[in-house]
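The structure under discussion appears below in the form of structure tokens.
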Amino acid sequence: MIISWNTTQACNIRCIHCYRNAGTERSDELNTDEGKKLISEIARAGFKILILSGGEPLLRPDIYELVRHARSAGIRPVLGTNGILITPEVAGKLKEAGLAVAGISLDSKTPERHDWFRQSQGAWEATMRGIKACRDAGLPFQIHTTAMNWNEPEITDVTDLAVAAGAIAHHIFFLVPTGRGKDIEETTLKTEQYESLLTRIMAKQSEVPLEIKPTCAPQFMRIAKQHAVPLRFTKGCLAGTAYCVVIPNGDVHPCPYLPLKVGNVRESAFDTIWQESDLFHQLRTEPLKGGCGKCGYDDICGGCRARAYYYYGDYMAEEPWCSYGR
């Protein structure tokens, strides 16, 4: 099982698509002691991977302490970062603290396009320096790319860039309109583009040595099975079943893109929320509606619950941009 903790709302850049609408630190963010207590409860609930993200998690002075605590609790700590703040010193400290992998955002092979999307001139170059710092420190890293209609043609080129840079994986996030992403809904991939890119990605997986993982596009599991592409994953959408997120103030949501509060870790222990939430129970046990409930791949795909909620107001509805099985 895997969990994300958005450790802070603070960020050093202001990306156009940010689901957390990050920029300024919240006044009610979990402090160090609360964060360590949360990590212990996450371990008690049986989670094995913790993604420390934001905002920009490297803006938290205690990030190394949190990484060490996660490692000591038996959890594999992973960082979700824009990479700009990763200097050789930072990379060394992260490795020493026990960070397993740094996930670094890179949305285009072209500096100007990445900088525009991240709303920060020089961001691409700074991110590439962060990648080099990780590589030189021997800290494993993976590349994270948000897929939209304007960069869809170059997504697998970014995979090649990731291979050349020495990444261990390329995770491709299909935009869900939440946070500031609502303002660019028209850039999301729909039906034909959605299916076409996933098919290209699965074909690319057979050509490269690193792992490629689409996120918020669970149909990749069906496409992989149809094309006999071997994967280590068991299901596409894990929201509320084997994954959830804790946002900066301690609220728990099924995923970062499905903004439905099921509890707060200041009010109840996380493991209690995970085990007793009615919403989580529904996601785990009730059949999906529409095409997602009858396509025959609901056991390995599950459709994107966040996308269903955004377009239909119903997180159990069918995936809006998948036409399979309809």
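Since the model is a prediction, treat every value here as computed from it, not as a measurement. The analysis underlying the following values was restricted to heavy atoms, covering all of them including side chains, and did not include hydrogens, waters or symmetry mates.
Looking at heavy atoms from C-beta onward, Trp321 lies out of side-chain contact with Gln219 at the 4.5 angstrom threshold. Residues Leu85 and Leu59 meet the side-chain proximity criterion, which asks for heavy atoms closer than 4.5 Å. Considering only heavy atoms from C-beta on, Trp5 comes within 4.5 Å of Leu66 through its side chain. Between Cys244 and Ile3, some side-chain heavy-atom pair lies under the 4.5 Å cut-off. No side-chain heavy atom of His281 sits less than 4.5 Å from a side-chain heavy atom of Arg284. Side-chain contact between Tyr311 and Pro177 is present, with at least one heavy-atom pair separated by less than 4.5 Å. Side-chain contact check for Glu152 versus Asn149: every heavy-atom pair is 4.5 Å or farther apart. In this structure, Gln205 and Thr159 have side chains that are not in contact, with every pair of non-hydrogen atoms separated by 4.5 Å or more.
A salt bridge is absent between Glu318 and Lys294; no separation between the charged side-chain nitrogens and carboxylate oxygens falls under 4.0 Å. Ion pair Lys37/Glu41 flagged as a salt bridge, since at least one NZ, NE, NH1 or NH2 atom sits closer than 4.0 Å to an Asp/Glu carboxylate oxygen.
Two different hydrophobic clusters hold Leu238 and Phe174 under the rule that ILVMFWY side chains link at heavy-atom gaps under 4.5 Å. Linking Ile, Leu, Val, Met, Phe, Trp and Tyr residues whenever their side-chain heavy atoms come within less than 4.5 Å places Phe141 and Leu139 in a single cluster. Side-chain heavy atoms closer than 4.5 Å link hydrophobic residues (I, L, V, M, F, W, Y) into clusters, and following such links, even through other members, never connects Val163 to Ile131. Criterion: ILVMFWY side-chain heavy atoms under 4.5 Å apart, direct or through other members. Under it, Phe220 and Leu210 are part of a common hydrophobic cluster.
Relative orientation of the Tyr315 and Tyr309 rings is tilted, given thresholds of 30° and 60° on the angle between their planes. Between Tyr297 and Tyr324, the ring planes are perpendicular. Angles over 60° get that label, and only those under 30° would be called parallel.
The salt bridge (charged side-chain N to carboxylate O under 4.0 Å, His left out) test applied to Arg266 returns Glu34, not counting sequence neighbours. Annotation: side-chain hydrogen bond (donor to acceptor under 3.5 Å, both in side chains) contacts of Ser4 (sequence neighbours excluded): Tyr243. Remark: Ile223 pairs with Glu195, Leu198, Thr199, Met202, Gln226, His227 by the side-chain contact (heavy atoms from CB on, under 4.5 Å) rule, at least two apart or across chains. Glu29 is linked by a salt bridge (charged side-chain N to carboxylate O under 4.0 Å, His left out) to nothing, counting only residues two or more places apart in sequence or in another chain. Scored by the side-chain contact (heavy atoms from CB on, under 4.5 Å) test, Ala239 finds Cys237, Pro254, Cys255 as partners (sequence neighbours excluded).
For Cys18 against Ala22, the heavy-atom pair with the smallest separation is SG-N, 3.3 Å. Residues Ala133 and Ala91 come closest through the heavy atom pair O-CB, 3.6 Å. For the residue pair Leu99 and Pro77, the shortest heavy atom distance occurs at CD1-O, 3.4 Å. For Thr127 against Ser105, the heavy-atom pair with the smallest separation is CG2-O, 3.5 Å. The heavy-atom pair separating Ile39 from Ala70 by the smallest distance is CG2-CA, 3.7 Å.
Between Phe47 and Phe270, the distance from one ring center to the other falls under 6.0 angstrom. In this structure, the ring of Phe117 has its center less than 6.0 angstrom from the ring center of Trp150.
A donor-acceptor contact shorter than 3.5 Å is absent between the side chain of Ser196 and the backbone of Gln193. A donor-acceptor pair is defined here as one N or O able to donate and one able to accept, closer than 3.5 Å; such a pair exists between the side chain of Asp107 and the backbone of Thr146. A donor-acceptor pair under 3.5 Å is absent between the side-chain atoms of Thr110 and the main chain of Glu112, judged by distance alone. Between the side chain of Arg135 and the backbone N or O of Ala165 there is at least one donor-acceptor pair closer than 3.5 Å. Remark: side-chain polar atoms of Arg222 are not paired, donor with acceptor, to backbone N or O of Cys301 under 3.5 angstrom. No donor-acceptor distance shorter than 3.5 angstrom exists from the side chain of Gln275 to the backbone of Thr272, with no hydrogens or angles considered.
In this structure, Cys134 SG and Lys95 NZ are separated by 10.5 Å, a value rounded to the nearest 0.5 Å. Distance CD/Glu319 to CZ/Arg305: 7.5 Å, rounded to 0.5 Å. How far CG of Asp160 is from NE2 of His170: 10.0 Å, rounded to the nearest 0.5 Å. Between the CD1 atom in Ile143 and the CD1 atom in Ile168 there is a gap of 10.5 Å [rounded to 0.5 Å].
A donor atom on one side chain and an acceptor atom on the other are found under 3.5 Å apart for Asp251 and Asn249. Side-chain contact of His69 with Ser40: a donor-acceptor pair under 3.5 Å is present, judged by distance alone.
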| What's the verdict on side-chain contact (heavy atoms from CB on, under 4.5 Å) for Leu288 and Met316, showing C-alpha distance, side-chain angles and the deciding distance? | CA-CA 5 Å; Leu288 299 174; Met316 299 300 289; 3.9 Å; yes
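Applying the side-chain hydrogen bond (donor to acceptor under 3.5 Å, both in side chains) definition to pairs two or more places apart or across chains, those involving residues 51-68 are Asn6-Ser53, Thr32-Asp62, Lys36-Glu65, Glu56-Thr81, Glu56-Asn82, Arg60-Asp62.
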